[in-house]
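Letters A, B, ... are given to chains in the order of the sequence lines, protein chains preceding strands, and every chain is numbered from 1.
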Amino acid sequence: MIRSTEKSSALTGTTIASTSPTKIATLTAFPAKIAPRDTGRTNSPASAFSSRSRCHVRPTASTDANATETQITPGATPSVASCPAKNARDAMTATSTAKNPLVVTISPVDSSMARSFPAMSAACFRNRFTCELAARGYTRVGRARGRAHAEADNRYEKCYSAGAMAQGKPRVRFAPSPTGYLHIGGVRTALFNWLWARKTGGTFVLRIEDTDQERSTPENEAIILRELRWLGLGWDEGPEIGGDHGPYRQMERLPVYQEFVEKLIAAGAAYRCYCTKEELDAQREALKARDPKAQFRYPGTCRDRTGPAPDRPFVIRFRAPSSGSVTYRDLVFGDVVTPNNTQQDAVLMRKDGVPLYNLGAVVDDLTMGITLVARGRDHMINTPPQILLYQALGAPVPQFAHLPMMLAPSGEKLSKRFGAVSVGEYRERGISPVGLMNYLVRFGWSFGDEEIFAMQDLIQKFSWENCSKADGKFDGKKLAAIAFEHLKSPALTPDDAYLDGTLPFLEKRGLSGIDREAVRALLPLIRERAQTYVDAADALDYFFRDLPVYDEKAVKKFLVADKAPHLQAVRDLFASIDDFSAKNLEARFGELLTEKKLEIKDVAQPVRVAISGRTATPGLFDVVALVGKPRVLARLDHALGLIAASSGAG
RNA sequence: GGUCCCAUCGUCUAGCGGUUAGGACGCCGGCCUCUCACGUCGGUAACGCGGGUUCAAUUCCCGCUGGGAUCGCCA
């Protein structure tokens with residue numbers, strides 16, 4: 001029984017009916033309607049639910065006040081329940097065990113589609129169906145592939161947000177290891193976490209994962225903290241500022257890991273392993289020699305060891321389950337199912353009591369109350385074993401969000417080999433920090449067609465839902481262009497920020513003690529010409545010297561003997577002018593040109609070179625006005641001197 | 001090889017079953033112009049392949065191919 005909001009125009013089959021949801025059938029009969037479509041093809045309803053299918057639904061405790069329209073009668077037994085895919089069966093089970101009536105809508109849809117609803121393909125219907133389940137208060141475990149689900153995802157996201165707010169603010173973290181400079185990929189991870197914390201009023205925790213004692217250094221840590229501050233990514237809890245969940249360096253938390261390891265051992269989820277690294281390496285080598293393709297797994301020598309413990313150092317291993325699977329709902333990637341039989345008894349803690357990554361991360365995220373773990377996709381493979389640890393600990397599992405990877409233009413992992421990968425290098429190149437973050441945030445995240453954002457914008461607009469899943473390649477030109485957009489616009493980079501960014505580079509050029517306000521006055525001329533703060537300092541250079549640094553080629557080309565009379569005339573003209581405003585200068589200059597029957601292009605370049613030392617500057621009269629009469633005259637005299645000297649010598 | 005993940009211009013992306021497949025960077029050309037820029041106008045260029053579902057597939061489903069991640073007492 002179909003009700004649809006038909007429009008007669010829709011009968012043509014080309015016009016789309018209203019975009020408002022079109023209500024459809026009473027779904028008591030739902031299973032019978034979708035199942036029987038046996039086309040005789042291989043794509044039967046059952047096979048439509050393959051093991052690759054992504055839709056999972058689970059009843060939640062929610063009650064849905066809106067569920068008054070059309071309903072699937074709870075308890076209805078779907079006739080496709082016998083389909084081979086467990087996932088699909090889960091979905092169907094949700095139907096049959098639903099406590100609340102379900103409402104199914106199709107939107108938007110044209111009337112012919114609504115009419116043919118009973119015959120819709122199982123796959124197609126399943127999508128609609130699960131979307132609506134999710135939207136109606138059912139937790140869909142994971143995002144389905146494809147876009148038909150986006151609406152539900154969207155609504156789901158809102159549900160989630162609301163839920164998280166009710167339970168308490170999100171706590172997110174950035175957990176770099178101080179084994180090198182702060183990598184721009186790491187910055188992106190930090191940024192996404194930071195944005196989420198700021199958007200939701202949550203907490204951004206900074207944790208230093210310094211358990212790799214071989215490579216971690218305090219210097220590297222200091223650099224990371226400094227760069228994060230430079231970017232404006234301040235943390236709410238972490239090194240140097242403390243917090244209620246500290247300490248925030250893993251090497252200062254060793255007793256915590258010890259405590260959790262003991263819990264795990266007591267619960268039988270972990271055990272002491274007395275095998276030495278050498279023994280295992282030898283076994284690994286032996287296996288590789290026998291069968292290069294085979295993958296070595298810990299043989300379980302100490303797994304069920306009985307009797308007295310050997311008097312030897314031991315590591316702690318996880319007793320990994322060999323059956324079942326781990327499923328988690330990634331905020332970006334949707335459902336991820338990983339069978340446990342691929343897990344092995346990984347080492348959790350070294351013999352010296354220092355935890356390995358998975359243990360450290362889980363214990364810290366747990367004890368620091370982290371509610372959402374957002375990190376690079378390269379960590380995705382670590383998530384199932386970490387969830388297993390949470391479960392072994394009887395602890396709540398946080399949410400996860402993985403970000404697609406940023407690759408070098410070659411498609412390889414972004415590394416030093418590619419070029420600049422550390423934040424410091426971009427700072428030294430004079431890239432605007434907000435511009436850098438704007439580039440980074442647009443990498444794997446989008447907001448319609450918008451490209452340029454102020455940080456406030458981003459905080460408001462950011463969401464996991466708009467993250468993409470595909471890896472991408474770093475593009476330095478695009479970064480430069482976006483950073484430039486930020487420097488160009490006073491709205492995006494206020495004068496004071498611009499000055500803060502530029503002054504250090506002026507100092508590097510030996511121009512220290514410069515009057516901030518004097519630079520401020522020049523900013524309008526500079527902004528649209530400087531892609532970076534380095535460019536800005538360069539463009540500002542000759543305003544702050546007695547004499548500019550003369551470019552050799554420019555001098556050779558424009559400060560030549562036959563231009564000397566022009567320069568002299570200009571010099572005399574300028575000397576006679578008291579109102580040194582750009583406007584007045586231009587007017588008087590024009591008169592001179594008319595009088596001498598000259599064209600501006602014959603004179604402008606020599607004058608420009610004489611005054612700035614270079615061929616490319618802002619408008620000539622702006623430059624003259626801002627360099628100021630005394631220095632302009634001095635420079636013209638100097639240029640005249642240069643010409644005289646060279647023609648005398650030549 | 002096992003496991004996991006992904007797939008729209010060269011690059012970053014929009015797209016949520018009907019679009020002349022949009023924007024941005026890059027590149028090319030025009031305009032503006034005292035130089036350099038900015039700005040502006042225009043051009044270039046993409047749905048990996050094969051099936052299925054549908055009146056209609058870039059979009060939903062499956063397979064293939066391709067790419068990536070990972071398989072450490074690194075993180």
Side-chain angles (χ1 to χ4, degrees), chain A residues 13-16 39 41-43 47-50 52-53 108-110 112-113 116 119-124 126-127 144-151 175-177 179 209 211-212 214-215 276-277 280-281 284 292-297 315 333 336-339 342 344 346-347 349-352 354 356-358 360-361 376-384 402 404-405 407 409 411 413 439 442-444 446 448-452 468-475 477-482 488 527-530 539 599-605 607-609 614-621:
Chain A
T14 56
T15 310
I16 303 180
T39 56
R41 300 176 212 247
T42 53
N43 188 15
S47 68
F49 295 100
S50 83
R52 300 284 301 173
S53 297
V109 65
D110 67 43
S112 66
M113 185 178 174
S116 64
M120 282 173 68
S121 73
C124 182
R126 197 265 321 284
N127 293 334
R145 289 179 165 186
R147 290 150 193 153
H149 297 265
E151 193 192 352
S177 94
T179 52
E209 307 213 329
T211 54
D212 181 349
E214 307 242 319
R215 297 189 300 149
T276 66
K277 189 176 189 313
L280 293 173
D281 284 347
R284 199 191 321 268
K293 286 179 185 171
Q295 57 172 328
F296 179 77
R297 304 180 64 175
V315 301
F333 284 91
V336 183
V337 184
T338 310
T342 60
Q344 56 174 320
V347 173
M349 183 181 269
R350 302 186 182 95
K351 61 174 184 275
D352 57 3
V354 176
L356 256 36
Y357 175 69
N358 278 339
R377 189 174 67 78
D378 46 338
H379 283 297
M380 212 160 178
I381 204 93
N382 287 318
T383 304
H402 290 98
M405 304 252 297
L407 275 14
K413 210 166 169 175
Y439 173 74
R442 275 281 295 126
F443 199 105
S446 61
D449 278 345
E450 288 184 47
E451 294 249 66
I452 307 297
S468 65
K469 304 188 231 187
D471 294 342
K473 295 170 187 167
F474 183 86
D475 181 353
K477 285 188 171 159
K478 180 94 179 184
L479 165 60
I482 287 183
K488 256 190 307 205
R527 292 189 98 115
E528 64 200 23
R529 279 168 249 264
E599 296 215 36
I600 191 166
K601 49 185 168 205
D602 298 328
V603 193
Q605 280 304 76
V607 175
R608 167 172 285 114
V609 172
R614 54 183 81 182
T615 55
T617 74
L620 183 59
F621 304 106

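Put simply, A/K473 has no side-chain N or O that comes within less than 4.0 Å of OP1 or OP2 on B/C25. For the pair A/K469 and B/C5, the criterion of a side-chain N or O lying under 4.0 Å from OP1 or OP2 is not met. OP1 or OP2 of B/G72 sits under 4.0 Å from a side-chain N or O of A/R284. For the OP1/OP2 pair of B/A75 and a distance below 4.0 Å, the side-chain nitrogens and oxygens of A/T211 include at least one atom meeting the criterion. For B/C36, neither phosphate oxygen OP1 nor OP2 lies less than 4.0 angstrom from any side-chain nitrogen or oxygen of A/R608. Remark: A/T342 is not in phosphate contact with B/G2, judged by side-chain N or O atoms under 4.0 Å from OP1 or OP2. The side chain of A/K488 contributes an N or O atom lying less than 4.0 Å from OP1 or OP2 of B/G39.
If you take atom P in B/G15 and the same atom in B/U8, they sit 14 Å apart, rounded to whole Å.
A/E451 comes within contact range of at least one nucleobase, with a heavy-atom separation under 4.0 Å. Heavy atoms of A/H379 sit under 4.0 angstrom from at least one base atom. If you check every strand for non-hydrogen atoms under 4.0 Å, A/T383 touches nothing. The residue A/F443 sits close only to the backbone: its heavy atoms come under 4.0 Å of sugar-phosphate atoms, none of a base. As judged by a 4.0 angstrom heavy-atom cut-off over every strand, A/P384 is placed among residues making no nucleic acid contact. Nucleic acid contact for A/L356: sugar-phosphate only, since backbone atoms but no base atoms lie under 4.0 Å from a heavy atom of the residue. Across all strands shown, A/G619 has heavy atoms under 4.0 Å from base atoms, whether or not it also approaches the sugar-phosphate. A/T179 comes within 4.0 angstrom of no nucleic acid atom, judged by non-hydrogen atoms across all strands. At the heavy-atom level, A/D352 lies nowhere under 4.0 Å from the strands shown. Nucleic acid contact for A/S446: sugar-phosphate only, since backbone atoms but no base atoms lie under 4.0 Å from a heavy atom of the residue.
Distance from the side chain of A/R442 is smallest for B/C12 among the nucleotides B/C4, B/C74, B/C12. Ranking B/C12, B/A75, B/C34 by closeness to the A/S177 side chain, first place goes to B/A75. When distances are taken from the side chain of A/K477 to each of B/C6, B/C25, B/C4, the shortest belongs to B/C25. With distances taken from any side-chain atom of A/A616 to the nucleotides B/C34, B/A75, B/C36, the minimum falls on B/C36. Ranking B/C34, B/C4, B/C73 by closeness to the A/F621 side chain, first place goes to B/C34. Among the nucleotides B/C34, B/G23, B/C5, the one closest to any side-chain atom of A/M380 is B/C5. Side-chain proximity of A/Q344 to B/C71, B/A75, B/U3: nearest is B/C71. Closest approach to the A/V336 side chain among B/C36, B/C5, B/A75 is made by B/C5 (side chain taken as heavy atoms from C-beta onward). The side chain of A/I381 has B/A69 as its nearest neighbour among B/C73, B/C34, B/A69. Checking B/A37, B/C25, B/C73 against every side-chain atom of A/E528, the shortest atom distance belongs to B/A37.
Of all nucleotides present, only B/G52 satisfies the Watson-Crick or G-U wobble test against B/C60, with each distance under 3.5 Å. Summarising the base pairing, B/C31 is matched to B/G39 through a Watson-Crick or G-U wobble pair whose two defining distances lie under 3.5 Å.
Rounded to an integer number of Å, the gap from CD of A/E599 to P of B/U35 is 12 Å. Atoms CG (A/L280) and C1' (B/C73) sit 9 Å apart, rounded to a whole Å. Between A/Y357 atom OH and B/C74 atom P the separation is 15 Å, expressed in whole Å. Here the P atom of nucleotide B/C36 and the CD atom of A/Q605 are 8 Å apart, to the nearest Å. The NZ atom of A/K601 sits 12 Å away from the P atom of B/C36 (whole-angstrom rounding). What separates CZ of A/R297 from P of B/G2 is a distance of 14 Å, to the nearest Å.
For A/K413 against B/A69, a side-chain-to-base donor-acceptor contact under 3.5 Å is absent. Between the side chain of A/D471 and the base of B/G68, no donor-acceptor pair of N or O atoms lies under 3.5 Å.
Of all the heavy atoms in A/F474 and A/P409, the pair that sits closest is O-CG, 3.4 Å. Scanning both residues, A/D475 and A/Y439, for their nearest heavy atoms gives N-OH, 2.8 Å.
Taking for each of A/D475 and A/T617 the nucleotide of RNA chain B with the nearest heavy atom, the 5'-most of the two is the partner of A/D475.
Between A/T615 and A/V609, the closest side-chain pair of non-hydrogen atoms falls below 4.5 Å.
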